[in-house]
Amino acid sequence: MALDRNTMESTLAGVLRTNFQKGVDEEWSGDDAANAMAKAIADVVHAYVSAARVTGVQSQVRDNGNVVIGSATQTGDVGLS
């Protein structure tokens with residue numbers, strides 16, 4: 001899933017609709033429903049965040065006196081984990 005809030009929202013809505021119907025059909029307890037909802041939210045948010053790519057990260061190296069002794073800027077992109 002790309003980092004698009006609308007895609008995340010529609011994906012989560014679809015998963016929750018499916019879970020709500022399963023809960024009715026299978027007569028889930030409150031605990032079962034809460035666990036299914038928590039898992040659905042966690043799965044969608046994890047997929048959303050894992051799709052992120054970061055570029056241009058800047059860093060500095062400092063000595064014990066807090067003086068900058070080196071710096072760098074990342075040129076490629078990296079994923080979050």
Side-chain angles (χ1 to χ4, degrees):
M1 165 186 327
L3 278 184
D4 175 30
R5 184 193 177 286
N6 293 330
T7 301
M8 181 176 72
E9 181 180 342
S10 65
T11 300
L12 181 57
V15 172
L16 291 177
R17 277 189 211 95
T18 299
N19 280 353
F20 291 160
Q21 190 58 54
K22 277 183 72 177
V24 170
D25 295 345
E26 298 174 10
E27 298 179 1
W28 286 354
S29 69
D31 284 346
D32 289 340
N35 289 339
M37 184 177 286
K39 182 181 181 327
I41 293 169
D43 288 348
V44 171
V45 170
H46 182 265
Y48 179 81
V49 171
S50 295
R53 304 301 295 172
V54 180
T55 59
V57 175
Q58 297 179 348
S59 61
Q60 294 180 337
V61 178
R62 296 177 178 264
D63 65 13
N64 291 337
N66 205 27
V67 175
V68 177
I69 59 173
S71 63
T73 300
Q74 167 235 347
T75 56
D77 67 347
V78 296
L80 300 176
S81 62

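- Proximity of a side-chain donor or acceptor of Ser10 to a complementary backbone N or O of Thr7 within less than 3.5 Å is detected.
- For CD of Glu27, the number of neighbouring non-hydrogen atoms (other residues, nucleotides, ligands) closer than 6.0 Å is 12 at most.
- Note that the CG atom of Asn19 and the CG atom of Asp32 stand 11.0 Å from one another [nearest 0.5 Å].
- At a threshold of 4.5 Å between side-chain heavy atoms, the hydrophobic network of Ile, Leu, Val, Met, Phe, Trp and Tyr places Trp28 and Val15 in two separate groups.
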Could you go through residues 36-46 and list every donor-acceptor pair under 3.5 Å that involves a side-chain atom there, pairing it with any protein atom two or more places apart or in another chain?
unit_1: Lys39; atom_1: NZ; unit_2: Asp43; atom_2: OD2; d: 2.6

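- In this structure a side-chain-to-backbone donor-acceptor pair under 3.5 Å is present from Gln74 to Val57.
- The distance from atom OG of Ser59 to atom CZ of Arg62, rounded to the nearest 0.5 Å, is 11.0 Å.
- For Gln21, the side chain to side chain donor-acceptor pair (under 3.5 Å) partners are Asp25, not counting sequence neighbours.
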